[in-house]
S.K.: 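Before I ask anything, here is the structure I am working with.
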Amino acid sequence: VANILLIVALLALIGWAMRSRPKPVGSPPTLTDLPGEARGFLDRVDCSLALPLETRADIRTELAAHLADSIAAIEAEGLDEVAATREALARLGNPEELARQMRRAHQTTRRLLAGAAGGIFQAAVGAVEGYVAFGVVLFCFVVIGQASLRPAITFMTDHLPRIDQQGLATTSAFAAAVAVGAAFAAGRRSVQELAARSRHTARQVGLPWAAGGFTVLAWVILFVNTAEQSWLVVPLELLVPFAFAAGVLVRMDRPLIPRGRHFPPKVGYAIVLGLPVLVVASAAVGATSPSNPGGDAYSFNTSVLDRVAPATATTVASFEGMVWGQPLVQSSWTIDDTQTLAQYRDVRFEAWRGTLIPGEREDRMDYLPDYRYAGPFATSPAARDGSELLGSFDLSHVRATRWVIFLTGVGPDGVRYRLSGAMPPESVTTHFSGTVWDWLTASA
Amino acid sequence: MRRPGIRTQLLKGTTPLLVLSVLRDGELYGYEIAQRIRERSGGAFAPSEGALYPALHALEAEGALTATWRESDKGPRRRYYRISQHGGSLLAEHERAWAEFSIGVRRALGETGRG
């Protein structure tokens with residue numbers, strides 16, 4: 001119910017905002033009644049105005065009415081039409097100077113500030129509008145994709161490196177992709193509002209507005225907004241400020257999609273808008289795919305664990321349980337062989353990047369340590385608590401997607417040995433929660 | 001010898017005052033405003049038509065005037081201007097300033113004459 005009320009409120013807000021936008025009050029008049037010289041004068045004024053189209057039309061209509069009255073009055077005094085026209089035009093003065101004065105009268109600081117405020121408001125409305133519209137389109141595409149494109153997209157995800165993490169990042173990716181569309185809509189709507197209210201052309205205010213919006217959004221995306229980041233989410237988020245700038249600058253004075261022309265512009269838009277849709281749909285389908293080996297080709301080898309660290313003769317500890325929290329992941333292990341454990345020093349837990357065992361399902365998280373890495377990406381001292389060993393890892397800013405933990409210790413011969421099996425067959429995927437900047441600067 | 005344009009120079013800056021004062025009686029469109037000022041001054045002066053429209057639009061931007069389009073049977077539509085509440089206050093302010101200014105000018109001229 002709350003969601004429905006929210007949607008209704010948002011639609012009402014959009015409707016109200018659309019009604020509150022300034023509407024053109026005039027249209028170019030029929031000037032066939034005016035002498036050619038007078039029409040030429042109006043053309044010269046119009047060319048020098050540099051105001052929005054509807055404002056120029058208003059001014060043209062008003063001056064045309066003035067000239068019609070003025071010429072008629074002068075003719076009534078006894079002059080012929082040509083002389084009356086010249087006299088009426090002379091009274092209005094230089095057309096370029098008149099245009100300059102009119103422009104100064106319209107483009108006031110007050111209107112510019114009002115335009116900026118209106119632009120910010122319309123950016124918010126446009127963002128909501130774009131979020132809803134693009135979200136619905138994307139959602140439909142994902143649903144259709146899941147239903148009909150599964151074989152093709154599964155093929156893609158089977159043969160390309162995984163870009164999502166078991167679907168955990170898919171929600172963030174969906175939100176980020178929708179935000180790209182929302183930013184485009186926000187940019188376009190806001191610049192139109194700014195231009196209309198400040199009586200500038202979109203071309204006059206577009207560049208500074210795009211630069212300002214780009215800077216603010218880039219700052220928010222990089223340093224403020226926290227999300228579950230991944231290789232899929234971060235590029236989409238970084239696209240947001242560019243989408244805003246594109247919304248402001250692309251075809252600012254014309255309809256976005258030209259009427260009556262289908263190729264190549266519409267194809268181009270379809271590609272630009274369709275790419276993030278395809279990426280997210282691919283991730284979503286891949287995430288729910290029943291069989292997905294993922295990752296690069298991997299040859300299964302039972303001695304993988306020994307390649308990472310040679311095993312002791314007996315298992316010293318076995319996995320008991322894990323508490324997954326933010327920012328710490330805490331694991332507890334049962335000590336199986338106290339005597340052997342006593343022979344090792346610097347006993348610690350090591351977290352290694354994992355790789356999926358070929359043929360196993362991603363959702364079962366059957367990983368082995370990826371021995372291509374030289375060492376663990378995180379370690380934790382093994383703290384003894386009675387008959388248990390406790391480990392604690394801060395993985396909130398670690399970009400590992402699959403990983404495993406095991407216990408190691410340095411033996412009497414000075415070599416570090418593995419003291420347990422790889423924990424657990426039910427290994428977990430890390431969640432990188434933070435800003436884009438955190439993610440970009442985190443250890444890989 | 002009378003310098004050409006001296007009247008124009010004197011009128012500069014008074015256009016908003018004159019426009020607001022004729023609109024106090026009701027709404028008018030641009031050409032009518034110029035005519036009304038000319039009539040009131042007994043044909044002595046009227047604002048330059050080239051300066052009238054920028055002044056009208058500037059007053060509208062300031063919120064002193066509101067404008068409405070009306071169809072006309074004599075050609076293009078007319079844009080009628082009406083004084084707003086803010087315009088009324090602005091007119092009173094202009095009138096006070098003008099009264100003080102004109103008294104000052106008269107005094108200055110009188111002193112010059114005596115000297």
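Here is the naming used below: chain letters follow the sequence lines, and residue numbers restart at 1 for every chain.
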S.K.: Any chance CZ of B:R40 has more than 12 other-residue heavy atoms, nucleotides or ligands included, within less than 6.0 Å?
M.R.: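 Enclosed.
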
S.K.: Is the number of heavy atoms from other residues, nucleotides or ligands within 6.0 Å of CZ (B:R36) greater than 12?
M.R.: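 Incorrect, the count does not exceed 12.
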
S.K.: What are the two closest non-hydrogen atoms of B:A58 and A:A105, and how far apart are they?
M.R.: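 Closest approach of B:A58 to A:A105: N-CB, 3.7 Å.
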
S.K.: I'd like to know if the side chain of A:Q101 pairs up with that of B:H57 as donor and acceptor (distance under 3.5 Å, no hydrogens or angles considered).
M.R.: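 Their side chains do not contain a donor-acceptor pair, so the 3.5 Å distance test is not met.
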
S.K.: For the residue pair B:Y29 and A:H66, confirm or rule out a side-chain donor-acceptor distance under 3.5 Å.
M.R.: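 No pair is found: no donor N or O on one side chain lies under 3.5 Å from an acceptor on the other.
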
S.K.: With a 6.0 Å cut-off (strictly less than), is the heavy-atom count around CZ of A:R100, excluding the residue itself, greater than 12?
M.R.: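 Yes, because the 6.0 Å sphere around CZ of A:R100 holds more than 12 heavy atoms from other groups.
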
S.K.: If you count heavy-atom pairs under 4.5 Å with chain B, which of A:D69, A:T108, A:L63 comes out on top?
M.R.: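 Of the candidates given, the most pairs with chain B belong to A:D69.
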
S.K.: To the nearest 0.5 Å, what is the distance between CG on A:D58 and CZ on B:R79?
M.R.: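 Taking CG in A:D58 and CZ in B:R79, the distance rounds to 5.5 Å.
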
S.K.: Is the backbone N or O of B:G50 less than 3.5 Å from a side-chain atom of A:R91, with the two atoms forming a donor-acceptor pair by type?
M.R.: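 No; judged by distance alone, with no hydrogens or angles, the pair does not exist.
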
S.K.: Kindly compute the distance separating OH (B:Y31) from CD (A:E62), expressed to the nearest 0.5 Å.
M.R.: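 That separation rounds to 14.5 Å.
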
S.K.: Over all heavy atoms of both residues, which pair between A:A88 and B:E49 is shortest? Give the atoms and the distance, please.
M.R.: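 A:A88 and B:E49 have their closest heavy atoms at O-OE1, 4.4 Å.
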
